[in-house]
Amino acid sequence: MAAPFTPEELAATRRPLLQATQLPPRAYVDEQVADWEAEHLFLGGWVCVGHAQPLAARGAFYTREIAGESLLFVGDDGGRAHGFFNVCRHRGARLVSEPEGTMRRLQCPYHAWCYGFDGRLRSAPHTAEIENFDPATSGLNRVRMEERHGLLFADVSGAAGPLDEHLGDLAPHLAHYRLGELERAAAITYDVGSNWKAIVENYSECLHCPGVHPELNRLSHYMSGDEYEGAGAWCGGSMTLNDGAETMASNGGHGIRPAIRGLTHREQRDVLYFALFPNLLVSLHPDYVMVHTLWPRGAGRTGVVCEWYFEPETVARPDFDPSDAVDFWDTVNRQDWHVCELVQRGIGSRGHVAGRYTETEQTVHAFDQLVAEAYLSP
């Protein structure tokens, strides 16, 4: 499949920020571009599929769909996560149709072939006498998967470079916020009528916050914080909480939970926002971490899974209630989806040409440069 853009078409985006022009509009609306991205970015490299903690129980699972490929992630008898292609080895029937849950056994709904949660074939009716059939080599086909700081990453192609190089200098931030030790308290799945890149670009700037997110802007000034740089396929930065605000929450930002262990008082004054190419958005708050994973459904639609993670001791408290954080970000998320959908409706217009970045959109430009470099990679 040929690259969707020539170097000449992307040259303006690859210039320094104050000289650069945004990605060509076709990148957001052309189904051939979306097909290329699905094959080369989402099926051809590392993608974050979620967190390992929801799979810690035996038989706990979630499924993810990428360009028609259904992947199954499940916890085995010891709570260790495994990743498989979500198809039976007999006739190729889809094994699990639900997006998430817990199952007592992994059994094909068609001819009842059964597999262990480690993928091994346990039983296959009426195969005892067939020739050259070895149950030991007829288990589920695995997806290359690795865990870092609680996050699970899959490489469907099996050919991506080292995951640690992909994460680069983002990894210490995830470790510092103890992401691998936190527990999920809530999750919401959204269906957004927007290209996935527009969602990441929107996440990467807050120029829209005064008008689109008044609740957020009351807690954190849209021009506050710093840009972060470092090795790896990520971009992001910080925003500083306003005086009187202790976190991002619907109660006016009043802290009702202990901070994540190990954070200094100064660190508790910031919220860090990072985008890891291509599909992970991770927001590090003083008392919780929010994780978005993005799942393109063609050029103009994206599934978004949003999850909230807290310290285990906090979750175990009898009065624990995450709704202040969940409700706040559910409101902000839906405000974001609305403006992203407005972009999707207009960006393909024959009356639109690629616009310029403002002088404060360093992170948007950094993400678009990651996209442009990916388009041009062999």
Side-chain angles (χ1 to χ4, degrees), residues 42 46-57 60-66 71-75 79 81 83 98-102 145-154 167 170-171 173-192 196 199-200 202-203 216 234 236 247-250 257 260 271-297 302-316 320-337:
F42 286 82
W46 290 111
V47 295
C48 182
V49 300
H51 199 285
Q53 190 275 328
L55 306 181
F61 71 89
Y62 49 72
T63 58
R64 301 289 187 253
E65 187 157 331
I66 309 173
L71 308 178
L72 170 65
F73 302 92
V74 61
E98 296 77 17
E100 184 172 349
T102 301
M145 187 185 75
E146 297 184 23
E147 178 181 343
R148 294 291 187 279
H149 308 291
L151 296 174
L152 296 177
F153 296 88
L167 284 168
L170 177 61
H173 295 292
L174 304 179
H176 189 52
Y177 279 75
R178 296 173 31 83
L179 184 51
E181 310 301 320
L182 305 184
E183 294 185 3
R184 190 177 73 172
I188 300 176
T189 299
Y190 303 92
D191 178 33
V192 186
W196 66 278
I199 294 174
V200 181
N202 176 80
Y203 174 85
L216 187 155
W234 60 274
T247 189
M248 293 292 194
S250 59
R257 289 174 289 270
I260 290 174
V271 180
L272 309 185
Y273 300 92
F274 296 113
L276 177 68
F277 195 77
N279 77 321
L280 171 66
L281 310 177
V282 57
S283 308
L284 307 174
H285 296 70
D287 54 336
Y288 64 92
V289 172
M290 181 174 63
V291 173
H292 294 83
T293 52
L294 311 184
W295 304 99
R297 306 284 184 258
T302 305
V304 181
V305 179
C306 184
E307 301 168 296
W308 290 261
Y309 290 86
F310 297 79
E311 285 279 9
E313 297 85 354
T314 299
V315 175
F320 173 66
D321 180 2
S323 62
D324 62 316
V326 175
D327 292 349
F328 175 84
W329 280 111
D330 183 43
T331 296
V332 173
N333 282 339
R334 294 177 190 278
Q335 292 165 342
D336 279 331
W337 310 154

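A donor-acceptor distance shorter than 3.5 angstrom exists from the side chain of Y203 to the backbone of V282, with no hydrogens or angles considered. With hydrogens and angles ignored, the 3.5 Å screen pairs a side-chain donor or acceptor of N279 with a backbone N or O of C48. In this structure, Y288 contributes its side chain and M248 its backbone to a donor-acceptor pair below 3.5 Å. The backbone N or O of V49 sits less than 3.5 Å from a side-chain atom of R64, completing a donor-acceptor pair. Remark: the backbone N or O of L179 is paired with a side-chain donor or acceptor of H51 at under 3.5 angstrom.
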Side chain to side chain contact (heavy atoms under 4.5 Å, CB included), that's the test. Do L272 and Y177 meet it? Break it down for me. CA-CA 10 Å; L272 309 185; Y177 279 75; 3.9 Å; yes
Side chain to side chain contact (heavy atoms under 4.5 Å, CB included) assessment of D287 paired with T314: CA-CA 9 Å; D287 54 336; T314 299; over 6 Å; no
Dump the intermediate steps for side chain to side chain contact (heavy atoms under 4.5 Å, CB included) on L182 and I260, then the final yes or no. CA-CA 9 Å; L182 305 184; I260 290 174; 4.3 Å; yes
Show your reasoning for whether side chain to side chain contact (heavy atoms under 4.5 Å, CB included) applies to V291 and L280. CA-CA 7 Å; V291 173; L280 171 66; 3.6 Å; yes
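Applying the ring pair (Phe, Tyr, Trp, His ring centres under 6.0 Å) test to H173 and every residue at least two apart in sequence or in another chain returns Y228, F274.
Minimum heavy-atom separation, L55 to A81: CD1-CB, 3.8 Å. Considering every non-hydrogen atom in both P322 and R257, the closest pair reads CA-NH1, 4.2 Å. Nearest approach of F73 to G83, heavy atoms of both residues: CD2-CA, 3.6 Å. Closest heavy-atom contact between P312 and E181: CG-O, 3.2 Å. P99 approaches F61 most closely through the heavy-atom pair C-CE1, 4.3 Å. For the pair R184 and E307, the tightest heavy-atom approach, listed with the atom from each and the gap, is NH1-OE2, 2.9 Å.
Side-chain contact of D327 with S250: a donor-acceptor pair under 3.5 Å is absent, judged by distance alone.
Atom OG1 in T293 sits 8.0 Å away from atom OH in Y62 (nearest 0.5 Å). Summarising the geometry, atom CG belonging to L216 is positioned 4.5 Å from atom CZ belonging to F328; distances are rounded to the nearest 0.5 Å. To the nearest 0.5 Å, atoms CG (L151) and CG (L167) are separated by 8.0 Å. Within the model, atoms CD of E311 and CD of E183 stand 9.5 Å from one another, a figure rounded to the nearest 0.5 Å. Rounding to the nearest 0.5 Å gives a distance of 8.0 Å between CG of L174 and CG of L276. Interatomic distance, CH2 of W329 versus OG1 of T331, reported as 11.0 Å (0.5 Å rounding).
Side-chain atoms of L281 and V200, non-hydrogen and from C-beta on, do get closer than 4.5 Å to each other. Contact of the I199 side chain with the W337 side chain is registered, since non-hydrogen atoms from C-beta on lie closer than 4.5 Å. Y309 is listed as a side-chain neighbour of P54, based on a closest heavy-atom distance under 4.5 Å.
Residues W196 and F42 bring their aromatic ring centres within 6.0 Å.
The aromatic rings of Y273 and H285 stand perpendicular to each other, their planes meeting at an angle above 60°, with 30° marking the opposite boundary.
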